[in-house]
Amino acid sequence: MKALYTYFIENISADIRGSLLSGQSFRWNYYQDSEQKYFGVIGDDLFILENNEDDWYTVTTTKKFSCDEEFHEFIGFYFSLDINPDDLFPAGFSEQYPGIWRLIKPYLGIKVLRQNAFETLVTFMCAQGLGMNIIRRQISYLTREYGKEHTVDIAGKPFTYNSFPSPETLAGIAPDSLQLCTNNNCIRATNIIKAAYSVATGQLDLEDLQDPDMPLETSRERLSAHSGIGNKIADCVLLFGLHRFSAFPIDTHVRQYLATWFSIDKALQSLTQKNYLFLQEEVSRILNPEFAGFAGHILFHSWRKEVKHLTSF
DNA sequence: CTCCAGGACACTT
DNA sequence: AAGTGTCATGGA
């Protein structure tokens, strides 16, 4: 049974809810159905974030920090607080696209989380061609089935949660077993097991890919060399799991907003390799290339919420 | 029954 | 190299 520790976040300038529940992680949820309280797992630790007032949060966690400073460093890293929000969109963006700016303004506090690379890799391999709700369910199955279980005493009641399964664990299971966690898709289960094996054996070194000095194209090629990983999933892993904020994944929603908001007609044509790269090139002229993916995630979420009115997260 | 969901890949030109 | 069709599965 793990112990709990309490820390405080004071005056944080970030949209915590939006960051946790905008489809970049599927490991966070409302706690006890409270809109002000979120819980999730980072590594082997449970985190419960409770919004007190405005930008103040109480954090209850199984992770013991040696001091307050270490806690804030951890939070700052996870929520990318080191990234200046003013750098995300180029100067003049709000004047050039006032209509879009009005829609995304409530979401400018959303941060791209610095998540674990392997988790992100598996998560987005699962996500292919599925809706958010189903993805969430699959990841939940996956962690419950193969992740190490922990129990913690919360107000006298035992609360269980699971770590994300390790590469070694996933590498060693049978496809027809994992299939339950991949919407009964055996091909996808096989691909995930292969990728996990590749990570477990060191053939795919995710630490390497995290190196900011490695060209983005090289990182992407290393990832998409694996079956089941194309441009889009590779870019998602780069952005959400390898902390490469320039990586700009293009999916069905992104295509829609590129066409509607930025009048890029080619966004609606078939997404061939050439067209995919062309669209990224176009985007690099609209957004700040260094943070294209970061800004793109804000646009993505705004589009889903404000235009499509989707409630899944 | 049709269409959609944070696509990938083999197979023609 | 580039474009086109196919695959896969559950949910609305």
Side-chain angles (χ1 to χ4, degrees), chain A residues 18-28 107 110 112-113 115 119-142 175-176 178-195 198 220-242 244 247-261 265-281 283 292-313:
Chain A
S19 304
L20 299 178
L21 304 175
S22 55
Q24 58 176 315
S25 170
F26 299 95
R27 294 286 277 149
W28 290 91
Y107 303 99
I110 289 180
V112 170
L113 304 173
Q115 299 181 77
E119 270 193 49
T120 312
L121 176 68
V122 175
T123 300
F124 281 93
M125 285 184 80
C126 280
Q128 184 206 100
L130 301 179
M132 294 281 202
N133 286 326
I134 300 181
I135 298 169
R136 194 165 269 280
R137 194 179 66 193
Q138 301 307 327
I139 298 302
S140 175
Y141 286 166
L142 184 71
D176 60 346
L178 183 64
Q179 197 173 319
L180 298 168
C181 307
T182 57
N183 212 34
N184 288 323
N185 189 321
C186 191
I187 298 172
R188 196 169 306 167
T190 305
N191 286 337
I192 289 172
I193 292 167
K194 282 188 191 165
S198 186
R220 180 158 58 188
E221 281 167 21
R222 297 259 182 100
L223 289 168
S224 55
H226 298 72
S227 61
I229 303 177
N231 283 327
K232 188 268 171 183
I233 292 180
D235 281 333
C236 281
V237 177
L238 287 167
L239 175 61
F240 300 121
L242 296 164
R244 305 290 297 265
F248 189 89
I250 300 174
D251 70 358
T252 155
H253 295 110
V254 174
R255 291 169 72 184
Q256 291 171 23
Y257 80 62
L258 287 180
T260 309
W261 282 349
D265 296 337
K266 277 200 169 186
L268 294 180
Q269 293 175 13
S270 87
L271 204 52
T272 63
Q273 174 82 7
K274 185 184 175 187
N275 197 14
Y276 190 94
L277 297 176
F278 169 81
L279 293 175
Q280 287 191 327
E281 187 64 29
V283 165
F294 202 127
H297 183 64
I298 292 175
L299 291 164
F300 167 83
H301 188 64
S302 307
W303 173 261
R304 284 175 45 87
K305 286 295 198 186
E306 297 297 315
V307 181
K308 304 294 283 185
H309 302 292
L310 295 173
T311 52
S312 58
F313 52 84

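Quick note on labels: first sequence line is chain A, next is B, and so on, each numbered from 1.
Of all the residues in residues 180-187 of chain A, A/Asn183, A/Asn184, A/Asn185, A/Ile187 reach under 4.0 Å from DNA chain C with at least one non-hydrogen atom. Heavy-atom distances under 4.0 Å link DNA chain B to A/His297, A/Phe300, A/Arg304 of residues 294-313 of chain A, given in residue order.
For A/Met125 and C/dA8, the CE to C1' distance is 15 Å, given to the nearest whole Å. What separates CG of A/Asn133 from P of B/dA5 is a distance of 12 Å, to the nearest Å. Regarding A/Arg188, its CZ atom lies at a distance of 11 Å from the C1' atom of C/dC7, rounded to whole Å. Separating the CD atom of A/Gln273 from the C1' atom of C/dT4 is a distance of 15 Å, rounded to the nearest angstrom. Distance A/Leu178 CG to C/dT9 P: 14 Å, rounded to the nearest Å. A/Tyr276 places its OH atom 20 Å from the P atom of C/dT4, with the value rounded to the nearest Å. With rounding to whole Å, A/Arg136 atom CZ is found 15 Å from B/dA5 atom C1'. Note: CD1 (A/Ile135) to P (B/dC4) measures 17 Å, nearest angstrom.
The CG atom of A/Asn185 sits 10.0 Å away from atom CD of A/Gln138, with the distance rounded to the nearest 0.5 Å.
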TODO: Determine, stepwise, if the pair A/Tyr257 / A/Val254 fulfils side chain to side chain contact (heavy atoms under 4.5 Å, CB included).
DONE: CA-CA 5 Å; A/Tyr257 80 62; A/Val254 174; 3.9 Å; yes

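Heavy-atom minimum distance, A/Asn183 versus A/Leu130: ND2-CD2, 3.4 Å. Counting all heavy atoms, side chain and backbone alike, A/Ile139 lies closest to A/Arg27 at CG2-CD, 4.0 Å. Annotation for A/Thr182 and A/Arg188: closest pair CB-CB, 4.3 Å, computed over non-hydrogen atoms. Nearest heavy atom pair, residue A/Leu238 against residue A/Ala247, reads CB-CB, 3.7 Å. Here the closest heavy-atom approach between residue A/Cys181 and residue A/Cys126 is recorded as O-SG, 4.1 Å.
Taking atom P in both B/dC3 and C/dT6, the straight-line distance is 16 Å, to the nearest Å. Nucleotides B/dA8 and C/dG11 are separated by 22 Å at their P atoms, to the nearest Å.
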Open item on the list: Across nucleotides 7-13 of chain B, 5' to 3', mark each nucleotide with B, S or - according to how protein heavy atoms within less than 4.0 Å reach it.
Closed with: BSS----

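Formation of a donor-acceptor pair under 3.5 Å by the A/Tyr276 side chain with backbone atoms of A/Ile250 is found in this model.
Note on A/Thr272: a side-chain N or O is less than 4.0 Å away from OP1 or OP2 of C/dG3.
Ring geometry for A/Phe124 against A/Phe240 counts as parallel: the plane angle stays under 30°, on a 0 to 90° scale with 60° as the upper cut.
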Identify all side-chain donor-acceptor contacts of residues 266-273 of chain A below 3.5 Å with residues at least two apart in sequence or on another chain.
from: A/Thr272; atom 1: OG1; to: A/Asn275; atom 2: N; distance (Å): 3.1
from: A/Gln273; atom 1: OE1; to: A/Asn231; atom 2: ND2; distance (Å): 2.7

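Remark: A/Arg304 engages no residue in a salt bridge (charged side-chain N to carboxylate O under 4.0 Å, His left out) (not counting sequence neighbours). Shown here are the side-chain hydrogen bond (donor to acceptor under 3.5 Å, both in side chains) partners of A/Arg220, two or more places apart in sequence or in another chain: A/Asp235, A/Gln280.
Counting any heavy atom pair closer than 4.0 Å across all strands shown, A/Arg137 reaches sugar-phosphate atoms only and no base atom.
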